[in-house]
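In what follows, a single structure is set out as structure tokens and then discussed.
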There are 2 protein chains.
Amino acid sequence: MNPALDAETGLADAPPGHKEELRLWLRLLTCTTLIESEVRRRLRARFGTTLPRFDFLAALDRAPEGLTPGEVSRRMMVSSGNVTGLAARLEDEGLIERRAHHSDGRAQILRLTPRGRREFARQSAAHEAWIAELLADVAPRERAELFRLLGRAKQSVRARLTEEKP
Amino acid sequence: MNPALDAETGLADAPPGHKEELRLWLRLLTCTTLIESEVRRRLRARFGTTLPRFDFLAALDRAPEGLTPGEVSRRMMVSSGNVTGLAARLEDEGLIERRAHHSDGRAQILRLTPRGRREFARQSAAHEAWIAELLADVAPRERAELFRLLGRAKQSVRARLTEEKP
DNA sequence: GGCATGTAGTTTAGGCTTGAAGCATCTTCC
DNA sequence: GGAAGATGCTTCAAGCCTAAACTACATGCC
């Protein structure tokens with residue numbers, strides 16, 4: 001796969017149709033960055049934790065029977081090496097625990113400890129309220145439309161990704 | 001199981017409207033992450049560079065007179081300590097150069113070198129094409145609407161941020 | 001069984017990122 | 001002029017993140 005490199009785009013003053021997609025992408029990125037860094041700030045200030053840790057607990061919270069590190073890696077969309085490090089820290093803090101997999105000798109099962117579950121419940125409630133607060137000025141109808149259009153974008157991107165690794 | 005947790009999503013109870021904002025946020029984050037990690041992958045594969053470096057060059061490319069590190073920090077929305085490190089690496093690679101500020105003894109001016117400008121032009125053309133490619137399935141009308149709604153979201157978030165630090 | 005191939009996790013080197021502490025310089029206000 | 005505070009930048013410690021190399025186990029095929 002080779003995205004048709006537009007010959008005319010080489011110079012700064014070239015105004016091809018592409019510019020619009022670029023502006024859309026930059027705005028998407030700005031929105032995400034603004035929300036994400038505010039959430040990081042608050043997680044740190046209120047709970048002394050970080051977004052990756054929060055996301056990790058969230059993944060486990062949704063799977064009461066536990067998850068393998070590989071599954072956590074896929075759900076969080078991060079590398080498996082990253083999961084190894086995060087899991088070690090969370091285990092040290094007593095928020096998660098490891099068990100051997102019942103049938104696969106290579107795998108493990110990670111689960112929230114009772115304390116991890118309690119901690120996450122507190123954090124999660126606050127987190128949900130923060131998001132609602134930050135997006136309060138987007139009317140319900142606009143939110144629904146935004147959600148739909150983002151779904152479209154997601155689909156568009158995913159189609160291009162799977163295309164090139166068959 | 002914690003009775004305060006919703007059985008389906010594992011998320012804590014909250015006033016009814018909140019779930020929707022959360023789903024919107026998660027989708028926004030997924031979209032951004034998908035595009036961003038694909039762009040990182042391609043920048044690495046094709047140009048042996050990284051997204052922060054690319055963004056840094058982009059900021060300087062838009063300012064022919066050069067920028068102070070502080071200005072770069074604001075435009076990239078990253079900490080000033082971060083800019084220090086990136087600038088050092090880019091200077092080592094000969095892509096940017098530093099000059100003393102004409103009037104402020106504390107400040108500097110960072111500018112692209114000719115080589116930096118050439119490098120960025122190459123990368124930028126490819127980057128723009130990638131974004132257009134990834135978003136190709138979003139129709140022009142949908143793109144415009146998405147852009148507008150994201151503007152609304154951005155505005156909503158920003159209003160909440162400035163609110164609390166007067 | 002036994003080899004080839006694939007998959008699950010870990011390790012490692014290197015880069016990115018932040019918040020906080022620190023230094024130098026600038027600005028303001030007396 | 002000079003003190004007090006603000007601003008620009010760097011340094012530092014700690015954590016996040018990835019790709020690539022590696023180990024250990026599993027599975028398929030003969």
Side-chain angles (χ1 to χ4, degrees), chain A residues 29 32-34 36-57 66-93 95-96 98-110 165, chain B residues 29 32-34 36-57 66-93 95-96 98-110 165:
Chain A
L29 187 55
T32 300
T33 302
L34 279 177
E36 194 174 328
S37 54
E38 180 64 13
V39 167
R40 283 180 198 272
R41 211 173 353 254
R42 295 187 186 188
L43 278 175
R44 175 186 186 81
R46 290 228 230 201
F47 300 111
T49 189
T50 66
L51 191 50
R53 280 163 153 95
F54 175 79
D55 287 343
F56 200 121
L57 298 184
L67 293 175
T68 63
E71 191 52 40
V72 173
S73 161
R74 276 183 289 278
R75 297 195 185 196
M76 290 181 69
M77 300 196 285
V78 299
S79 70
S80 56
N82 192 353
V83 168
T84 298
L86 283 169
R89 271 168 243 131
L90 290 170
E91 193 181 12
D92 283 351
E93 294 173 21
L95 300 177
I96 71 174
R98 313 163 100 95
R99 296 243 181 283
H101 192 283
H102 64 92
S103 64
D104 190 332
R106 299 165 301 180
Q108 316 160 19
I109 298 292
L110 304 177
K165 42 176 176 179
Chain B
L29 186 55
T32 300
T33 303
L34 279 177
E36 195 174 327
S37 53
E38 180 63 12
V39 167
R40 283 180 199 274
R41 211 173 353 254
R42 293 187 187 189
L43 278 175
R44 175 187 186 81
R46 292 232 222 187
F47 300 111
T49 189
T50 66
L51 190 51
R53 278 161 153 97
F54 175 79
D55 287 343
F56 201 120
L57 298 184
L67 294 175
T68 63
E71 192 52 39
V72 174
S73 161
R74 276 183 289 277
R75 297 195 186 196
M76 292 180 69
M77 297 198 284
V78 300
S79 70
S80 55
N82 192 353
V83 167
T84 299
L86 284 169
R89 272 168 242 131
L90 289 170
E91 192 180 15
D92 283 351
E93 293 173 24
L95 300 177
I96 72 174
R98 315 164 99 98
R99 295 242 181 284
H101 191 284
H102 64 93
S103 64
D104 191 333
R106 301 164 302 178
Q108 315 160 18
I109 299 292
L110 304 178
K165 42 175 176 180

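None of these values were measured; they are calculated from a predicted model. Below, read A as the first sequence line, B as the second, and so on, with proteins coming before strands; counting in each chain starts at 1.
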Base, sugar-phosphate alone, or nothing: which one does [X] contact when heavy atoms must sit under 4.0 Å apart?
{"X": "A:Arg44", "answer": "sugar-phosphate"}
{"X": "A:Thr68", "answer": "sugar-phosphate"}
{"X": "A:Ser103", "answer": "sugar-phosphate"}
{"X": "B:Gly81", "answer": "base"}

What is the distance, to the nearest angstrom, from the [atom1] atom on [X] to the [atom2] atom on [N]?
{"X": "A:Arg41", "N": "C:dG19", "atom1": "CZ", "atom2": "P", "value": "7 Å"}
{"X": "A:Leu51", "N": "C:dT17", "atom1": "CG", "atom2": "C1'", "value": "13 Å"}
{"X": "A:Arg53", "N": "D:dC17", "atom1": "CZ", "atom2": "C1'", "value": "14 Å"}
{"X": "B:Glu93", "N": "C:dG15", "atom1": "CD", "atom2": "P", "value": "9 Å"}
{"X": "A:Asp55", "N": "D:dG15", "atom1": "CG", "atom2": "P", "value": "18 Å"}
{"X": "A:Leu86", "N": "D:dA14", "atom1": "CG", "atom2": "P", "value": "18 Å"}
{"X": "B:Glu36", "N": "C:dT17", "atom1": "CD", "atom2": "P", "value": "9 Å"}

Looking at the side chain of B:Arg74, which of C:dA8, D:dG8, D:dC9 is the nearest nucleotide? D:dG8
Of all the choices, C:dT18, D:dC17, C:dT25, which nucleotide is nearest to the side chain of B:Asp104 once you look at every atom?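 Taking heavy atoms from C-beta onward, the closest nucleotide is C:dT25.
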Taking only the side-chain nitrogens and oxygens of A:Arg98, find out if one of them lies under 4.0 Å from OP1 or OP2 of C:dT10. yes
Taking the side chain as every heavy atom from C-beta outward, state whether A:Leu110 and A:Pro69 have any pair of such atoms under 4.5 Å apart.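 A side-chain contact under 4.5 Å exists here.
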Any heavy-atom pair between the side chains of A:Leu95 and A:Phe56 that's under 4.5 Å? no
Closest-nucleotide 5' rank along DNA chain C - winner of A:Arg106 and A:Asn82: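 Of the two residues, A:Arg106 wins.
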Within the supplied structure, the quantity of interest is the number of heavy atoms (other residues, nucleotides, ligands) at a distance under 6.0 Å from B:Arg98 CZ; does it exceed 12? yes
Taking for A:Thr50 and for B:Gln108 the nucleotide of DNA chain D with the nearest heavy atom, the one nearer the 5' end belongs to B:Gln108
Backbone N/O of A:Val78 and side chain of A:Ser73: donor-acceptor pair under 3.5 Å: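 At least one qualifying donor-acceptor pair exists.
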List in chain and number order the residues that pass side-chain contact (heavy atoms from CB on, under 4.5 Å) with A:Thr49, two or more places apart in sequence or in another chain; answer none if no residue qualifies. A:Leu43, A:Phe47, A:Arg53, A:Gln123
